[in-house]
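Letters go in sequence order (proteins before strands), and every chain restarts at 1.
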There are 2 protein chains.
Amino acid sequence: MGIMRKNPEFQSLLRKSGYKATSSRMMILAVFRRLRHPLSAQEIIDSVGKAMDQATVYRTLTALKTKGIIRQVDLRHNHAHFELANAKEHHHLICLRCGRIEDISGCGIEELQSGILRKTKHFSEIRQHSLEFYGICKSCARGGGMSSDLHASRIAELYHSR
Amino acid sequence: MGIMRKNPEFQSLLRKSGYKATSSRMMILAVFRRLRHPLSAQEIIDSVGKAMDQATVYRTLTALKTKGIIRQVDLRHNHAHFELANAKEHHHLICLRCGRIEDISGCGIEELQSGILRKTKHFSEIRQHSLEFYGICKSCARGGGMSSDLHASRIAELYHSR
DNA sequence: AATCTAAATGCGAATTATTTGCAAATAATT
DNA sequence: AATTATTTGCAAATAATTCGCATTTAGATT
């Protein structure tokens with residue numbers, strides 16, 4: 001794991017958003033950077049161990065989401081997931097059987113969005129969107145089982161998510 | 001409210017899916033048909049009053065979702081919403097301030113989907129997707145307040161959803 | 001560097017959302 | 001009408017998230 005030193009990039013990101021650059025927030029951002037898939041509150045709570053309370057994790061997630069530093073991803077488990085928003089715009093392809101997640105990008109949603117804005121009578125602005133596709137991955141289509149290249153953490157989460 | 005008589009359409013829909021056409025299921029389907037926006041479990045529990053237990057509501061929602069009779073909609077509240085799947089394919093435009101929901105259709109997502117399927121190495125099939133846009137509705141952009149044509153039930157839900 | 005203060009955190013308890021086990025009730029079949 | 005596999009109610013468990021309040025801390029000020 002190594003020594004945790006403070007990351008000036010995260011520090012200024014937080015300050016620019018009007019937040020104090022506390023060690024809790026720095027640590028949570030570091031977790032997002034290290035684990036590159038959408039994270040649930042519980043996964044973060046586990047990752048940080050007893051370094052902070054779960055209430056702080058939830059409060060931090062809310063704060064980061066409010067400022068658009070992270071964004072919410074809907075995986076249809078029954079809890080929220082989040083990922084860093086700085087990554088290039090992308091969406092997800094989620095296997096309905098094993099939960100494998102593939103990132104997809106360059107899907108051309110911008111045009112859909114401008115078309116919608118042209119059509120709507122009631123909205124003046126679109127700020128966010130969520131787009132996820134659910135299907136069957138090839139390894140599930142083939143055999144029955146989970147592919148072995150599914151990360152352990154992902155498997156653990158699948159196990160614990162009902 | 002009037003007399004509730006059994007609807008043969010729902011009855012055969014349930015039987016075709018391998019379920020018994022119980023009064024609970026018929027009633028929940030009737031609620032979906034009557035209230036035409038995405039419903040949370042709690043809204044259904046309230047609508048049916050003491051006609052059935054909440055466990056039955058949740059079990060029914062799971063069953064209907066499994067067979068594709070209803071589909072899950074992500075409104076970023078922290079509970080699930082569902083709507084009848086028979087309605088023409090459409091998505092939602094959700095106001096980040098007041099929660100107003102506008103249905104959008106004919107958005108052209110089919111092409112995105114086939115493009116994605118062409119590009120992915122890991123998936124062989126896409127079965128569902130979720131696409132919601134979040135923005136600011138005109139009445140929120142104008143004044144501060146909620147537009148008066150927002151339905152009471154929607155307002156109630158906004159009030160109670162944190 | 002010491003002081004100050006609003007913002008952030010820990011802790012515990014409260015709420016909200018959803019699920020489960022099991023005995024009793026019921027839809028569909030015979 | 002009798003049978004049986006499903007479904008339901010009830011009560012309690014678990015999961016997910018939030019809240020109140022006393023204490024701590026980051027960053028500003030002196």
Side-chain angles (χ1 to χ4, degrees), chain A residues 6-8 10-29 38-46 48-67 72-82 156-162, chain B residues 6-8 10-29 38-46 48-67 72-82 156-162:
Chain A
K6 57 185 168 180
N7 175 326
F10 288 154
Q11 193 163 314
S12 79
L13 178 62
L14 288 166
R15 292 202 181 129
K16 267 189 292 190
S17 298
Y19 293 136
K20 291 184 181 179
T22 63
S23 60
S24 298
R25 287 170 181 159
M26 303 286 277
M27 197 178 302
I28 287 179
L29 287 172
L39 300 175
S40 64
Q42 193 56 55
E43 283 177 288
I44 294 172
I45 290 165
D46 295 345
V48 301
K50 52 199 157 205
M52 78 197 75
D53 189 79
Q54 63 170 39
T56 302
V57 171
Y58 279 102
R59 283 186 279 229
T60 301
L61 289 173
T62 302
L64 297 176
K65 176 185 167 186
T66 300
K67 296 297 182 177
Q72 190 167 347
V73 178
D74 170 34
L75 301 183
R76 301 225 182 135
H77 297 191
N78 47 22
H79 48 259
H81 286 78
F82 300 89
E157 189 188 355
L158 288 166
Y159 244 75
H160 298 126
S161 76
R162 292 140 302 138
Chain B
K6 57 186 168 183
N7 176 326
F10 288 154
Q11 194 164 314
S12 80
L13 178 62
L14 288 166
R15 293 202 181 127
K16 267 189 293 191
S17 297
Y19 294 135
K20 290 184 180 177
T22 63
S23 60
S24 297
R25 287 169 182 158
M26 302 285 278
M27 196 178 304
I28 287 179
L29 287 173
L39 300 176
S40 64
Q42 192 56 54
E43 283 177 288
I44 294 172
I45 290 165
D46 295 345
V48 301
K50 52 202 158 202
M52 80 197 73
D53 189 78
Q54 63 170 41
T56 303
V57 171
Y58 278 103
R59 284 188 278 230
T60 302
L61 290 173
T62 302
L64 297 177
K65 176 184 166 184
T66 301
K67 296 296 182 175
Q72 190 167 345
V73 177
D74 170 33
L75 300 184
R76 303 226 181 132
H77 296 190
N78 46 21
H79 48 258
H81 285 79
F82 301 89
E157 191 189 354
L158 287 164
Y159 244 76
H160 298 125
S161 76
R162 289 138 300 137

Review item, side-chain donor-acceptor pairs of residues 13-24 of chain B, under 3.5 Å, at least two apart:
| unit_1 | atom_1 | unit_2 | atom_2 | d |
| --- | --- | --- | --- | --- |
| B:Ser17 | OG | B:Leu13 | O | 3.1 |
| B:Tyr19 | OH | B:Ala63 | O | 2.9 |
| B:Thr22 | OG1 | B:Arg25 | N | 3.4 |

Side-chain donor-acceptor distances from residues 49-62 of chain B under 3.5 Å, at least two apart:
| unit_1 | atom_1 | unit_2 | atom_2 | d |
| --- | --- | --- | --- | --- |
| B:Asp53 | OD2 | B:Ala55 | N | 2.8 |
| B:Thr60 | OG1 | B:Thr56 | O | 2.7 |
| B:Thr62 | OG1 | B:Tyr58 | O | 3.0 |

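Annotation: of the two residues near DNA chain D, B:Ala55 and B:Arg25, the 5′-most nearest-nucleotide partner is B:Arg25.
OP1 or OP2 of D:dG9 has at least one side-chain nitrogen or oxygen of B:Thr56 nearer than 4.0 Å.
Atom CD1 in A:Ile45 sits about 13 Å away from atom P in D:dA15, given to the nearest Å. For the pair B:Met26 CE and D:dT7 P, the interatomic distance rounds to 14 Å; values are reported in whole Å. Between the NE2 atom of B:His77 and the C1' atom of C:dT18 there is a distance of 18 Å, rounded to whole Å. Distance CD (B:Gln54) to P (C:dT20): 14 Å, rounded to an integer number of Å. Across the protein-nucleic acid pair, A:His81 atom NE2 and D:dT17 atom C1' stand 15 Å apart, rounded to whole Å. Nucleotide C:dT16 holds its C1' atom 13 Å from the CG atom of B:Asp46, rounded to whole Å. Rounded to an integer number of Å, the gap from A:Leu39 CG to D:dT17 P is 13 Å. Look at CG on A:Asp53: it is 16 Å from P on D:dG20, rounded to the nearest Å.
Looking at B:Leu29 and B:Asn7, their side chains never come closer than 4.5 Å, going by heavy atoms from C-beta outward. Residues A:Gln42 and A:His79 fail the side-chain proximity criterion, which asks for heavy atoms closer than 4.5 Å.
If you take CG on A:Leu39 and NE2 on A:His81, they are separated by 7.5 Å, rounding to the nearest 0.5 Å. Interatomic distance, CZ of B:Phe82 versus CD1 of B:Ile44, reported as 8.0 Å (0.5 Å rounding).
Side-chain atoms of B:Gln42 and base atoms of C:dT16 include no donor and acceptor less than 3.5 Å apart.
Residues that satisfy the side-chain hydrogen bond (donor to acceptor under 3.5 Å, both in side chains) test with A:Gln11, not counting sequence neighbours, are absent from this structure.
When all heavy atoms of B:Gln72 and B:Ala80 are compared, the pair lying nearest together is NE2-CB, 3.6 Å.
Using a 4.0 Å heavy-atom cutoff across all strands shown, A:Ser24 reaches sugar-phosphate atoms only and no base atom.
Picking from C:dG10, D:dA16, D:dG9 the nucleotide with the shortest atom distance to the side chain of A:Asn78 gives D:dA16.
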Subject >> Strand DNA chain D in bracket notation, Watson-Crick/G-U under 3.5 Å with | for pairs to another chain >> reply: ||||||||||||||||||||||||||||||
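Within residues 58-66 of chain A, the residues having any heavy atom under 4.0 Å from DNA chain C are, by residue number, A:Arg59. Against DNA chain C, the stretch residues 14-21 of chain A makes heavy-atom approaches under 4.0 Å through A:Tyr19, A:Lys20.
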